[in-house]
Amino acid sequence: MAQTDTVTRILDTAEVLFAERGFAETSLRNITSKAKVNLAAVNYHFGSKKSLIQAVFARYLDPFSERFHAALDSVEKQYAGRQVPLEVLLEVMARTVLEVPAERNSLRTFMRLLGLAYTQGQGHMRRYIREHYGTVFSRFAELLKLATPDLPDNERFWRLHFMLGSVIFTFSGLDALRDIEEAEYGHHTTVRELIQHMRPVVVAAMAAPLPASLEDGEAATQAAS
């Protein structure tokens, strides 16, 4: 078996098992048994389980980062120094998020992995993402800040994660949600249609005014500073 075939087989198997069972619940022996490779091969190519998890994410995040930078270059050039509207930024992000897993034909897997990275206390993943992909996420965050100037930074942080949570939940459970929709309403929604449904919801959530109680607190903070 060629070395590249071994690496690909390990990554393909780890990706599926991590998405199905979770990172903590998937042992290296689970992976080697299903991939039909020995443990020494995993240690030789990846060194540790953490490095293997990072390599699984890199197969999505490397092309995502490259595409996202290019998409932001294009939209900044289009607006030529003017503020990029919120709905345009969110459209660019959504399109880029969907393009990469579409190439690998595994949108559901990608979304499940993203959800697990948040919920399973993978501190090394947050450090890895910050070190390797922080530039593009910081760039997007700065543009998002310019598009939502009235939001306090912590409010923008939470709203962005409310939005990401909705996207990850919807797409990681897409098959089940489609089954429910077809059984209850006799309709099958495509991914493209789903994005059209989702866009006004997330734009409205990001642009919604602060609740009065939070506005009062923000005013008090500004007066005291």
Side-chain angles (χ1 to χ4, degrees), residues 1-73 92-141 157 160-161 163-165 167-176 191:
M1 184 185 300
Q3 191 174 82
T4 53
D5 290 341
T6 302
V7 171
T8 301
R9 183 174 296 190
I10 293 169
L11 287 171
D12 287 346
T13 304
E15 178 181 300
V16 171
L17 291 179
F18 286 148
E20 288 179 353
R21 304 180 183 182
F23 300 119
E25 295 78 5
T26 302
S27 69
L28 289 180
R29 293 206 175 276
N30 295 146
I31 296 168
T32 56
S33 175
K34 188 161 186 176
K36 301 189 186 310
V37 299
N38 57 47
L39 189 59
V42 176
N43 290 327
Y44 175 76
H45 290 294
F46 300 98
S48 68
K49 184 177 176 182
K50 287 182 179 178
S51 295
L52 176 57
I53 293 172
Q54 293 166 3
V56 167
F57 272 86
R59 292 207 295 179
Y60 288 97
L61 292 179
D62 282 352
F64 170 80
S65 178
E66 183 177 345
R67 283 177 176 271
F68 204 18
H69 267 308
L72 293 176
D73 286 343
V92 166
M93 185 181 73
R95 191 170 63 245
T96 311
V97 165
L98 293 177
E99 282 176 348
V100 173
E103 289 178 353
R104 296 181 51 75
N105 195 31
S106 52
L107 175 62
R108 184 183 62 175
T109 299
F110 182 42
M111 290 295 140
R112 285 187 174 178
L113 289 171
L114 281 179
L116 289 170
Y118 275 83
T119 59
Q120 291 211 330
Q122 297 294 315
H124 71 97
M125 275 306 304
R126 288 192 287 275
R127 290 192 296 275
Y128 175 78
I129 290 173
R130 185 170 60 249
E131 291 171 1
H132 291 81
Y133 309 102
T135 301
V136 73
F137 290 118
S138 295
R139 183 182 180 188
F140 176 73
F157 167 84
L160 179 61
H161 285 82
M163 179 186 69
L164 292 174
V167 171
I168 290 170
F169 169 80
T170 302
F171 283 102
S172 63
L174 185 55
D175 292 344
V191 170

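Along the sequence shown, residues carry numbers from 1.
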Would you say that [X] contacts [Y] through its side chain, given a criterion of any heavy-atom pair below 4.5 Å between the two side chains?
{"X": "L52", "Y": "L11", "answer": "yes"}
{"X": "M125", "Y": "L113", "answer": "no"}
{"X": "V92", "Y": "R95", "answer": "yes"}
{"X": "V16", "Y": "T109", "answer": "no"}
{"X": "H69", "Y": "T135", "answer": "yes"}

Test applied, side-chain hydrogen bond (donor to acceptor under 3.5 Å, both in side chains); reference residue, Q54; option that passes from H124, K49, R127, H132: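 Answer after filtering H124, K49, R127, H132: H124.
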Could you tell me which residues satisfy ring-ring contact (aromatic ring centres under 6.0 Å, His included) with [X], sequence neighbours excluded, listed by chain and number?
{"X": "F18", "result": "F23"}
{"X": "F157", "result": "H161"}
{"X": "F171", "result": "none"}

Contact summary for [X] and [Y], nearest pair of heavy atoms:
{"X": "S51", "Y": "F46", "value": "CB-O, 3.0 Å"}
{"X": "V191", "Y": "L174", "value": "CG2-CD2, 4.1 Å"}
{"X": "A58", "Y": "P63", "value": "O-CD, 3.8 Å"}

Approximate separation, where rounding is to 0.5 Å, of [X] [atom1] and [Y] [atom2]:
{"X": "D12", "Y": "I31", "atom1": "CG", "atom2": "CD1", "result": "12.0 Å"}
{"X": "R29", "Y": "N38", "atom1": "CZ", "atom2": "CG", "result": "10.0 Å"}
{"X": "Y133", "Y": "F57", "atom1": "OH", "atom2": "CZ", "result": "10.0 Å"}
{"X": "Y60", "Y": "L114", "atom1": "OH", "atom2": "CG", "result": "9.5 Å"}
{"X": "T6", "Y": "I10", "atom1": "OG1", "atom2": "CD1", "result": "6.0 Å"}
{"X": "M93", "Y": "L72", "atom1": "CE", "atom2": "CG", "result": "10.5 Å"}

Any donor-acceptor N/O pair, T13 side chain to K34 backbone, under 3.5 Å: no
Whether N30 side chain and S27 backbone form a donor-acceptor pair below 3.5 Å: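 Pair found, side chain donor or acceptor close to backbone of S27.
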F137 CZ: over 12 foreign heavy atoms closer than 6.0 Å: yes
Criterion side chain to side chain donor-acceptor pair (under 3.5 Å) on D5 and T8, from CA distance to verdict: CA-CA 5 Å; D5 290 341; T8 301; 5.5 Å; no
Centroid-centroid under 6.0 Å between F68 and F140 rings: yes
